[in-house]
Amino acid sequence: MPKIQEIARGVLAGDRRSIARAITTIENNSPKAQELIASIFPHTGNAHIIGLTGPPGSGKSTLIDKIIREYRRKGKTVGVIAVDPTSPFTGGAFLGDRIRMQELSTDQGVFIRSMATRNYLGGIAKATKNAAKVLDAAGKDVVIVETVGAGQSEVEIIKVAQTIVVLFAPGLGDEIQAIKAGIMEIADIFVVNKADRANADKAVMDIQAMLQLNNKEKKWKPPVLKTAALTGEGVPQLIERIEEHRLFLEKKFERKRSREKAEAELVEAIKEKVASSIIEELKREGKLEEFLQKILEKKMDPASIAEKLLNRKFGKQV
Amino acid sequence: MQNQRKIRVLIAKPGLDSHDRGAKIIARALRDAGMEVIYTGLKQTPEQIVETALQEDVDVIGLSILSGAHKTLFPMIMELLKQKGLTDVLVVAGGIIPEEDVPEMKKLGIKEIFGPGTRTDKIVQFVFENVPKRT
Amino acid sequence: MSDKEKINEIAKERERWEKTTLPKWIGQSPERKSEFRNHSGTLIKRVYTPEDIKDLDYMRDLGFPGEYPFTRGVHATMHRGRLWTMRQFSGYGTAEQTNQRFKYLLKEGETGLSIAFDYPSIRGYDSDHPFSKGEVGICGVAVSSLKDMEVLFNGIPLDKVTTSMTINGPAAMLLAMYIAVGNKQGVPMEKLGGTTQNDVLKEFFAQKLIIFPPKPSLKLVTDIVEYCTKHVPRWNPISISGYHIREAGGNAVQELAFTLYDGITYVESCLERGMKVDEFAPRLSFFFAAHNDLFEEIAKFRAARRIWAKTMKERFHAKNPRSMWMRMHVQTAGFTLTAQQPLNNITRVTIQALSAVLAGTQSLHTNSFDEALALPSEEAVRIALRTQQIIAHESGVVNTIDPLAGSYYVENLTNEMEERTMEYFRKLDDMGGAIPAIEKGFFQKEIADSAYEYQKEVDEKRRILVGVNDYTTEEKQPIKVLRVDPKVEEEQVTSLHKLKSERDNKKVNEMLEKLHYATEKDENLMPIIIDAVKAYATIGEICDVLRKIYGEYKELIVI
């Protein structure tokens, strides 16, 4: 296996094998992952990262296939990260999204990577964000992240993507119900796929009605589009809207959002670093078991232990 | 930090045949053994298989073929893997591959051929034991 | 004593037997397993008695052969009159090689032909397409154009044989070629007899050799039915197939239920087209697998006939008894063949074939013992055919009709098959039909689960496969397998290129344009496809026109 700096250089040069290896390194949380991210970080921020979420059967992968084709027609390069769930029982996963895009797998301007959640919650994997950065640093113009699409709380995508497309298909049951639960707030564009189905127009109207109730003071009014992923109908219009949203984000008043995102990322990174350094230390000292026992015996609560450990580490009240 | 390495496997069906019963059962067995399994469906060209293996950075490729075209397609796949530098990937195969073809296939670099009637746990075990170690 | 009293008496006696006689025996030597189940998961009782068929009404549920509900058979004389058609699926290499094999089989006493096409032909590609590399003539005969079809039937008069074609996506093109060959031989299409499989629905979840999406696929099927009803009256336009559902991993109940439900879908599609049920339904035929569990299979075939008859009568209000007939072709289950100790397969095939005969099949293919290894050799094919002949002429099972009727066990199983099938029907109706069920992955999931369960049973030795997970031997039986010469591809490609340079290409293009136009206008495509193949347009060219308009289907993968 090549050295991490070689991989980083490879990524920046757009070498496909290096990109693949870099993502694996991040996914596996290898000791060198941090070094890798640090090396590529200055070269990120050029790609437009699109998140695509929606319930199972709404046609996410098929739509992405058509979106890629449209971008390719425009001469853009595309990276895709398709996330599927890890089984909580076996730790294994079946990754089958790319089958819909498989014809594009030999296009050198396209890079598709399947990713298992590895029990991370929120519809993506822990490594998704940094994997998207790898594709960004490797020079992809557009990076599309397909979420698991299983639940209603897939809001983690907001931490990864700049433009979030929420997909529905008529006839899947309580689709509108799904919008109410959180996703409403994060959606930048709504798409009703399988537009050839009978109740597509009704779904569009339902969403629009709900938007009127919810989005009064927002500067960006999320549009509601119709597509037919099988034929590609409506996809050029979707790309136009995505592009509009990108331009909107570039305007100054939306800096706030980028700032919030940076802050969230920093907070999360600190949490993780601090937590893992303390836990590792306890393990090294063989004290982890001791503290766990205290909790089990109800002698000390977890928060008090945490405070004590922080005091010990930083030598002052936090 | 915890290392979360998982074995990643590509199950691929080259050729035009559609007998995917075996491929799917293997995919399921490997998944249930804790691996991450990428299955790309039927009718995959050698180029698609190798490109997928590269992008997905898999440790293992399982090829399943029952059409009899293995003598044409397997050499193409193995040659492309070499060209792309994917020489450290474990390649195994299954399906209807006559006994007398096995030595020739192994010479190409296919580590093992699992014929009809192979127990799935044997295949899982083989993968665990032979998956290349990565640093 | 009334019937009810008799049953009560038997029940009492059974309880006594279970309390007194049985424990003594079980005490001395316990039963081999705590429970016995068949492939569909039915718990099999120790012994069956009149209690288990107490609700059976002879005239309502069985009747007489040739009469509703046809449980006992579709003909009044069954195999006492005509034996079933012994139809061996075959094809490999070039059309010329397969023509030789056909002639050999006919000489050996086969009574109908059955063409196995190679994968490129099945998937609608010509032999020179990049996808065809390494596949030409390997798993069947390569047919790219009418030229190949002419060679395939050289010296075989089409008014003397019936021909079955295992073809789905490009069924219209190959039927068109068959009609064109007949035309050249001077046999009008009214006289052509045979079957096109043409069952696209099961392709989406079982066989998966799909070209077009569900809706246009169903449209093409309906075109063929409509055309044949009017012009090729002796042709069976669809062979509604459970075989592949079983081979993909489904159990006997799933095979039965999904196949018959596909049948319902075709009937509905034809009715929507404006056809009358009694015009087309008599020509619908079926195709099932015969697996190892003898009685389960027999029950399945008998239940199939009864359910279909009732469905046609009650759901579709058919009047013509022939519309209620289920005529079936059966093939022994290829999946059960083992690569280990391959000669054992002869025994398996015999048992499987026996189930089909005992249950009154119209047509039968017996697999060759070497098919888990490669295409069958001539010797293996002959033994397979001889197996049918031995059953027909030596076993005596054909001397009476439906000999297992009245068996407490078989009748009980038959009833259960029917009940479980009706449950699936209700579920599928609730889902909105077969196409929504395909789109939801319902069939796929059911089949994948059964396949995985079966494999686990084998792996864990809960199910014994002789020579595979028990009674194994290191010794290898030397089997000479048939090899297709790789030169076949070269020859085939050369002759295809020659054809493409010699035919009237202006006419071909004109036909393809017409086809394009007719497809866009949603006309019945059979007439124009016949014209196109007569001009020597190839399968690939014709399918390309349709691909452009209909798109290509991408499978929904359910593991």
Side-chain angles (χ1 to χ4, degrees), chain B residues 11-33 37-48 65-77 94-102 113-125, chain C residues 92 118-120 122-123 125 130-140 203 206-210 244 247-249 334-335 337-340 371-375 444 447-449 451-452 454-456 458-461 465 467-469 472 476 479 481 483-484 486 489 554-559:
Chain B
I11 297 293
K13 274 199 67 61
L16 294 181
D17 81 274
S18 64
H19 299 98
D20 59 359
R21 180 174 181 163
K24 284 183 166 184
I25 285 176
I26 297 303
R28 194 155 161 172
L30 294 173
R31 180 196 63 183
D32 290 351
V37 182
I38 295 127
Y39 177 58
T40 47
L42 303 168
K43 218 176 92 176
Q44 296 291 297
T45 63
E47 290 79 8
Q48 284 175 331
I65 189 163
L66 289 88
S67 76
H70 54 276
K71 285 184 97 166
T72 309
L73 297 173
F74 283 8
M76 290 167 74
I77 293 166
I96 298 205
I97 294 163
E99 195 68 36
E100 60 196 73
D101 293 353
V102 169
I113 310 261
F114 299 106
T118 312
R119 286 171 55 158
T120 51
D121 52 352
K122 287 267 186 285
I123 298 173
V124 171
Q125 193 191 345
Chain C
Y92 68 97
D118 70 359
Y119 281 117
I122 287 172
R123 290 201 181 257
Y125 299 120
F131 267 131
S132 306
K133 208 151 178 45
E135 307 268 10
V136 176
I138 298 286
C139 261
E203 294 294 321
Q207 181 157 256
K208 299 163 194 147
L209 292 163
I210 310 155
H244 318 85
E247 288 284 292
F335 178 75
L337 302 178
T338 64
Q340 296 78 3
E371 285 185 82
L373 304 165
L375 288 189
Q444 296 92 318
I447 292 170
D449 284 347
Y452 195 57
Y454 184 92
Q455 185 61 39
K456 274 204 303 200
V458 173
D459 282 355
E460 293 163 12
K461 272 183 113 170
L465 297 184
V468 176
N469 62 358
T472 53
K476 290 215 160 77
I479 296 288
V481 297
R483 285 278 183 175
V484 176
E489 181 164 334
K554 281 204 193 97
E555 64 173 318
L556 173 65
I557 291 182
V558 181
I559 291 251

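Note: hydrogens, waters and symmetry copies are ignored here, and every other heavy atom, side chains too, is used. Note on naming: letters A, B, ... go to the chains in the order of the sequence lines (proteins, then strands), and numbering restarts at 1 for each one.
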Check: Of the listed residues (B:Thr120, B:Thr45, B:Thr118), which shares the most heavy-atom pairs with chain C below a 4.5 Å separation?
Finding: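 Heavy-atom pairs under 4.5 Å are most numerous for B:Thr120.
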
Mind listing the closest non-hydrogen atom pair of [X] and [Y] along with its distance?
X	Y	result
C:Leu209	B:Leu16	CD2-O, 3.6 Å
B:Pro98	C:Leu373	CG-O, 4.0 Å
B:Leu73	C:Glu135	CD1-OE2, 4.2 Å
B:Ser67	C:Cys139	O-SG, 3.2 Å
C:Ala451	B:Arg21	CB-NE, 3.9 Å
C:Ala372	B:Pro116	O-CG, 3.9 Å

Checklist line | Atom NZ of C:Lys208: over 12 foreign heavy atoms under 6.0 Å | finding: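 Above 12, so yes.
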
Next item on the list: Using the test ring-ring contact (aromatic ring centres under 6.0 Å, His included), find all partners of B:His70 that sit at least two apart in sequence or belong to another chain.
Entry: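 Counting only residues at least two positions away or on another chain, B:His70 forms no ring-ring contact (aromatic ring centres under 6.0 Å, His included).
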
Note to self: According to ring-ring contact (aromatic ring centres under 6.0 Å, His included), who are the partners of C:Tyr125, at least two apart in sequence or on a separate chain?
What the structure shows: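 Once residues adjacent in sequence are excluded, the partners of C:Tyr125 under the ring-ring contact (aromatic ring centres under 6.0 Å, His included) criterion are C:His129, C:Phe131.
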
Checklist line | Between NZ on residue C:Lys461 and CZ on residue B:Arg119, distance to nearest 0.5 Å | finding: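 That separation rounds to 8.0 Å.
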
Checklist line | Euclidean distance, C:Gln455 CD relative to B:Arg28 CZ, rounded to 0.5 Å | finding: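 It comes to 11.5 Å.
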
Check: Any side-chain heavy atom of B:Ile25 sitting closer than 4.5 Å to one from C:Lys456?
Finding: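 Of all side-chain heavy-atom pairs linking C:Lys456 with B:Ile25, none is under 4.5 Å.
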
Check: Side chains of C:Arg123 and B:Leu42: does their closest heavy-atom pair fall under 4.5 Å?
Finding: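 Yes. Closest side-chain heavy atoms under 4.5 Å.
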
Heavy-atom distance under 4.5 Å to chain C: side chain of [X], backbone, both or neither?
X	answer
B:Thr72	side chain
B:Leu66	backbone
B:Lys122	neither
B:Ala23	neither

Per-residue contact mode, [X] against chain B (heavy atom under 4.5 angstrom):
X	value
C:Glu371	backbone
C:Tyr92	neither
C:Glu247	backbone
C:Pro486	neither

Next item on the list: Could you tell me which of C:Ala206, C:Ala448, C:Gly134, C:Gly140 has the largest number of non-hydrogen atom pairs under 4.5 Å with chain B?
Entry: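 Result: the option with the highest number of such pairs is C:Gly134.
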
